[in-house]
**Q** 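Just passing along the structure, written as structure tokens.
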Amino acid sequence: MNYWLFKSEPGTFGVDDLARAKDATTPWDGVRNYQVRNFLRDAIRKGDQGFFYHSSCAEPGIAGILRVVRAGYAEAAALDPKHRYFDPASDRASPRWYSVDVRLERRIEPVIGLEKLRKHARGALSEMLILRRGNRLSITPVTREEWRFILSLA
DNA sequence: GCCAACGTTGGC
DNA sequence: GCCAACGTTGGC
């Protein structure tokens, strides 16, 4: 089983939105970066866990724990001409974009803030991609050690 | 294949 | 709103 960090802006879609969704489950869609697309298509498996990270907001940080309940499949939004994520270059036979389904396992309250994570940027979290300057990937891998360490901060 | 311009991201 | 960093685009 692998661990990931899923990043989203709560103003667009945050933990509260996921909690309200049916079965607290949603397709993680809208990814338009090829490196992250490859994670969705090839690496993220059913049963994997992830942190739900809130970015571009008043309190950036980890706000919940997710479970992947469906592995990568062709992103539906890219195939829907009426959807804002529609991409005419994607089709069902050879999809360009992928999504996985995630379910909210639990919230983390209070949020484990970015500030708190940074305190360990030279220690246990020295390899943490989210702490790297300029990192823009919306999904990043998390090691088992990082996962456990961060949970201990909660 | 290069690279400048542009758009997006995300912390502050 | 600002700015740094990065990915993508498109002319050449």
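Letters A, B, ... mirror the listed sequences (proteins, then strands); counts begin at 1.
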**Q** Are A:Trp97 and A:Tyr73 an aromatic pair by the rule of ring centers under 6.0 Å?
**A** no
**Q** Can we call the ring centroids of A:Phe51 and A:Trp4 under 6.0 Å apart?
**A**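 No - the distance between ring centres of A:Phe51 and A:Trp4 does not fall below the 6.0 Å cut-off.
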**Q** If a protein heavy atom is under 4.0 Å from the base, mark B; if only from the sugar-phosphate, S; if neither, -; do that for nucleotides 5-12 of chain B going 5' to 3'.
**A** --BBSBSS
**Q** Can you label the angle between the A:Phe52 ring and the A:Phe13 ring as parallel, tilted or perpendicular, going by 30° and 60°?
**A**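 Ring orientation of A:Phe52 relative to A:Phe13: parallel.
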**Q** Side chains of A:Ile139 and A:Leu5: does their closest heavy-atom pair fall under 4.5 Å?
**A**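 No, too far: nothing below the 4.5 Å cut-off.
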**Q** Between the main-chain N or O of A:Gly64 and the side-chain N or O of A:Arg107, is there a donor-acceptor pair closer than 3.5 Å?
**A**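 No, the answer is negative, given that no donor and acceptor are paired below the 3.5 Å cut-off.
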